Amino acid sequence: MKIFFHFLLFCFFTSLFNSCFAGNVTYDRRSLIIDGQRKLLISAAIHYPRSVPAMWPGLVQTAKEGGVDVIESYVFWNGHELSPGKYNFEGRYDLVKFVKIVQQAGMYMILRIGPFVAAEWNFGGVPAWLHYVPGTVFRTDNEPFKYYMRNFTTYIVNLMKQEKLFAPQGGPIILAQASTILNLEVAFEKFSFPEPAGAKRYVTWAARMAVSQNIGVPWIMCQQDDAPDPVINTCNSFYCDQFTPNSPNKPKIWTENWPGWFKTFGARDPHRPAEDVAFSVARFFQKGGSVHNYYMYHGGTNFGRTSGGPFITTSYDYEAPIDEYGLPRLPKWGHLKELHKAIKLSEHALLKSEPTTLSLGPSQEADVYDDGSEVCAAFLANLDDKTDKNVVFRNVSYHLPSWSVSILPDCKNVVFNTAKVGSQASLVEMMPEELTPSVTSPSKGLKALKWDVFVENAGIWGVADFAKNGFVDHINTTKDTTDYLWYTTRFIGLQGEHLSIYKPDGLNSINWVSTSEPPKNQPLTWYKVVVDSPSGDEPVGLDMIHMGKGLAWLNGEEIGRYWPIKSSEHEKCVEECDYRGKFFPDKCLTGCGEPTQRCLSIIGELEATKYHVPRSWFKPSGNILVIFEEKGGDPTKITFSKRKISGLCSLIAEDFPMVDQAPVRKGGSGKSAAHLKCPKNTLISNVKFASFGNPTGKCGSYSKGECHDPNSTLAVEKVCLGKNECAIELTEENFDKGLCPGTTKRLAIEAVCS
């Protein structure tokens, strides 16, 4: 008996979510059912090849701290099966390691095997070699394609089974996806693709093939309206509250809520406000949603040549809650964290009862989940995108800002409103650091770096790769092995690529010319320099603003394509985003006339063109940076940039609901409070601005209004100075609440972390 008790304790502490015993995953119309318990799940997309293994634990932990239950990722076929039957699971493609990190964090996993993924990824994830298998037609009832697609799917499934990673084996994987976004009737009508009937047969075949894998968890197909039972069809969109599954027996699942959008070279930068993202999520759960996934929660980087078309940037930041460098994007991350808390407070009521919808006005409504006992939750929505409204619900008046949802986990007290962002913002800087000669370099201690230079012999080295004269198709000729094709001389790629001079074992395969003054504005030139690692431990970017266009590597690792091409200054950009009304990719654009991947701090100061270089790629010294410049630039002006949170801001009003302090939670005072938290190992060293009254402006540029408590700074310093984090309530003990009677007062703070 004692041994059995110790075994139970071991099981409990090994993992909160992943039981020692087999986990049964089923579903009905309302939700997934895991080990007999209904779950409302909040999921976060983190693509393992778009970051590096050293970042994975931190990314997963930051997602968990943000109130996320599940990590989701595609499986990238062309990153794994490099040629038929030859598989790669090393480095960024170590899928098993990634899933186990999720498991160790006590979280669930959604594995979207695809194997076609789209995802702005090169070739949509399909291996280029498959295109050249005779008779192959992608994603239709085609035997060669189905043969290789089934082989890869089976290989991944067996790998997960071998590592015991599916829920019935005690693993974290609770859902798997087969196929991706093949909305047949629309696609074939719009693009005039051949044989829609064949593609429909393919969908049916893919579903049956997936189910036959016997993984013990449900399969999904995203944006696939005709997904056959028992496969669950899911929604991808900016809004999915009105989505209905194709069967009354399937739960409402949102596989892709886009909290931002991808960027393209030479285009403006899209932004989606945190208020609208929160609004879309709240509406989804208000209308019976069960599983919600942010695509992306961390977008990451398209290292090397992995970015897809048309002209997708190396950065895949996606304006996600965790930025490309792994830092929480504030206030978006914090605002969504508060939303997740409010949803979890309502979970029992949402899963226990059916909703009743009540009209509160022409564009206002309430969805009430009340089982007749004391368990009750309500969502009050104002769909008017211009006007705030006061509504009466259960004989109590509530103020609803335009285009917002208020969440009442007890049908009485508002703990969260999607339009009221009370979580902290941050001041993020890209701090430049000059390239420093390495201690292993002969030029160490000299003022100038020693550069090695190699001028590409464009299309005139060796023997021609093909015999056809005239124009040829780039992809079919190069087999997608290079960005470069010389039509007139019939050469594929670059000499430097063929000799792998960017890799440690290929560096000496050519005769580099050493100089302290490398040529500037010279096209088709390779540059090599040996440098120290940047100081500190902050995330690192490579500033290429003074270069033209090309590729970069560090210690043989592919940083990716760079191209600081400017967007048109004649296009329309906005100074500030209006969250109200339905979002679309061109709704809120900035960066007119600015170079692509130009980094903006929150205070609007232009910093650098940033290309992420993971810290784990650096050695303390002897780091070999290789650049291939296609157009011409100035390599002496290349610098590193360190991404650093230098300051914090908070703007909170007296009427802001606070989920942590709501009366619905025991011990809560119900008072609004400003919360500040510095990065790890830093403290609040200075309060640059504080004003209780009616301050104006935004983070980095606050100013006092006509109504101002002169003791505001002292009050904040008393609570916050010298601390890593603090909370200061908007109470009479802290501030003069007698100021400006009859007005709702605000507290604005800007603080420095050091």
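If you're wondering where the values come from, they're calculated on a predicted model, not measured in any experiment.
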message: Any side-chain to backbone donor/acceptor pair from N236 onto C222? Under 3.5 Å, distance only.
response: no
- prompt: Can you name the nearest heavy-atom pair linking N302 to R50, along with the distance?
  reply: OD1-NE, 2.8 Å
task: Report, as yes or no, whether the 6.0 Å neighbourhood of atom CZ on F138 holds more than 12 heavy atoms from other residues, nucleotides or ligands.
output: yes
Residues, nucleotides or ligands: over 12 heavy atoms within 6.0 Å of K420 NZ: yes
message: Testing the basics here: between T301 and H612, what is the closest heavy-atom pair and its distance to 0.1 Å?
response: OG1-ND1, 3.3 Å
- request: Examine distances only and state if a side-chain atom of E347 and a backbone atom of L40 form a donor-acceptor pair shorter than 3.5 Å.
  value: yes
task: Would you give the length of the straight line joining atom CG of L400 to atom OG of S363, rounded to the nearest 0.5 angstrom?
output: 11.5 Å
field: Sole residue of D388, T418, N417 in side-chain hydrogen bond (donor to acceptor under 3.5 Å, both in side chains) with S404
entry: N417
message: Determine whether V291 and I110 satisfy the following criterion, side-chain contact (heavy atoms from CB on, under 4.5 Å), listing intermediate values before the conclusion.
response: CA-CA 11 Å; V291 179; I110 297 174; 4.3 Å; yes
Rounded distance [0.5 Å steps], OG1 in T234 versus CG in N246: 10.5 Å
Any donor-acceptor N or O pair under 3.5 Å, side chains S315, E324: yes
- prompt: Is the side chain of S290 donor-acceptor paired with the backbone N or O of K252 at a distance under 3.5 Å, no angle test?
  reply: yes
- prompt: Hey, what do you get for CD1 (I232) to CD (Q177), rounding to the nearest 0.5 Å?
  reply: 11.0 Å
message: We want to know whether N233 and Q224 form a side-chain donor-acceptor pair, criterion being a heavy-atom distance below 3.5 angstrom.
response: no
task: Compare all side-chain heavy atoms of W77 with those of F116 and state whether any distance is below 4.5 angstrom.
output: no
- prompt: Any donor and acceptor pair, going by atom type alone, linking the side chain of K332 with main-chain N or O of E319 inside 3.5 Å?
  reply: yes
- line: Closest non-hydrogen contact found for A45 with N293 is N-OD1, 3.4 Å
task: Look only at the side chain of H292 and the backbone of F285, and say whether a donor-acceptor pair between them is shorter than 3.5 Å.
output: no
- request: Tell me, with the steps shown, if Q424 and I749 meet side-chain contact (heavy atoms from CB on, under 4.5 Å).
  value: CA-CA 9 Å; Q424 75 177 29; I749 305 172; over 6 Å; no
message: Looking at D586 and L589, would you say the former's side chain and the latter's main chain have a donor-acceptor pair under 3.5 Å?
response: no
- prompt: Got Y562 and Q597 here, is their nearest side-chain heavy-atom distance under 4.5 Å?
  reply: no
- prompt: Pick one: which of K263, H298, R329 meets side-chain hydrogen bond (donor to acceptor under 3.5 Å, both in side chains) with D317?
  reply: R329
- prompt: Are the side chains of V68 and M107 in touch, meaning some heavy atoms are under 4.5 Å apart?
  reply: yes
message: Go through it in stages, so that I can follow the logic: the residues are S280 and R272, the test is side-chain contact (heavy atoms from CB on, under 4.5 Å), and I'd like the CA-CA distance, side-chain angles, deciding distance and then a yes or no.
response: CA-CA 11 Å; S280 69; R272 189 181 184 193; 3.5 Å; yes
field: Of Y295, W121, F98, the residue whose pairing with H47 passes ring-ring contact (aromatic ring centres under 6.0 Å, His included)
entry: Y295
field: Test: D410 and K412 ion pair at under 4.0 Å
entry: no
Residue pair I42 / Y297, side-chain heavy-atom distance below 4.5 Å: no
- request: Check the pair F416 / H335 against ring pair (Phe, Tyr, Trp, His ring centres under 6.0 Å), numbers first and verdict last.
  value: CA-CA 10 Å; F416 184 86; H335 190 50; 4.9 Å; yes
- request: Give a yes or no on whether the backbone of Y48 and the side-chain of W56 come within a donor-acceptor separation of less than 3.5 Å.
  value: yes
message: Could you check whether any side-chain N or O of R283 sits under 3.5 Å from a backbone N or O of Q242, counting only pairs where one atom can act as donor and the other as acceptor?
response: no
query: What's the shortest heavy-atom distance between R112 and E256, and which atoms?
result: NH2-OE2, 3.0 Å
- prompt: Just by distance, do the side chain of K389 and the backbone of Y398 share a donor-acceptor pair under 3.5 Å?
  reply: no
- request: Please assess D69 against K39 for the test salt bridge (Lys or Arg N to Asp or Glu O under 4.0 Å), listing each intermediate value before the final yes or no.
  value: CA-CA 10 Å; D69 310 296; K39 300 280 187 180; over 6 Å; no
Validation row: K587, F238 side chains within 4.5 angstrom (heavy atoms): no
message: Check for me whether the distance between the ring centres of Y294 and H340 falls short of 6.0 Å.
response: yes
field: Test log, rule side-chain contact (heavy atoms from CB on, under 4.5 Å), inputs R268 and K572
entry: CA-CA 9 Å; R268 296 162 291 172; K572 183 180 179 181; 4.2 Å; yes
Check: S641 and K610 side chains under 4.5 Å, non-hydrogen atoms: no
- prompt: Is the shortest heavy-atom distance from the side chain of D276 to the side chain of Y239 under 4.5 Å?
  reply: yes
- prompt: What residue among W254, F379, F243 forms ring-ring contact (aromatic ring centres under 6.0 Å, His included) with F284?
  reply: W254
- prompt: Are S31 and R38 close enough that a side-chain donor and a side-chain acceptor fall under 3.5 Å?
  reply: yes
query: If we only count heavy atoms from C-beta on, is the W563 to T596 side-chain gap below 4.5 Å?
result: no
Nearest heavy atoms of R746 and P695, plus distance in Å: NH2-O, 2.6 Å
message: Pair E354, R29 - check salt bridge (Lys or Arg N to Asp or Glu O under 4.0 Å), show working.
response: CA-CA 12 Å; E354 294 294 325; R29 59 178 294 274; 3.1 Å; yes
- prompt: So, does T314 use its side chain to make a donor-acceptor pair with the main chain of R561 at under 3.5 Å?
  reply: yes
query: Distance from R92 atom CZ to S51 atom OG, nearest 0.5 Å?
result: 9.0 Å
- request: Kindly indicate, with the supporting measurements, whether the criterion ring pair (Phe, Tyr, Trp, His ring centres under 6.0 Å) is fulfilled by W403 and F279.
  value: CA-CA 7 Å; W403 200 252; F279 173 83; 4.4 Å; yes
Evaluation steps, salt bridge (Lys or Arg N to Asp or Glu O under 4.0 Å), between E365 and K287: CA-CA 11 Å; E365 65 179 11; K287 293 299 181 181; 3.0 Å; yes
- prompt: Out of curiosity, I407 CD1 to K341 NZ, how far, rounded to the nearest 0.5 Å?
  reply: 13.0 Å
query: For Q286, which of D367, T357, D241 qualifies under side-chain hydrogen bond (donor to acceptor under 3.5 Å, both in side chains)?
result: D367
- prompt: Once you round to the nearest 0.5 Å, how far does CG of L175 lie from CD1 of I220?
  reply: 5.5 Å
message: Minimum heavy-atom separation for F393 and V368, please, with both atom names.
response: CE1-CG2, 3.6 Å
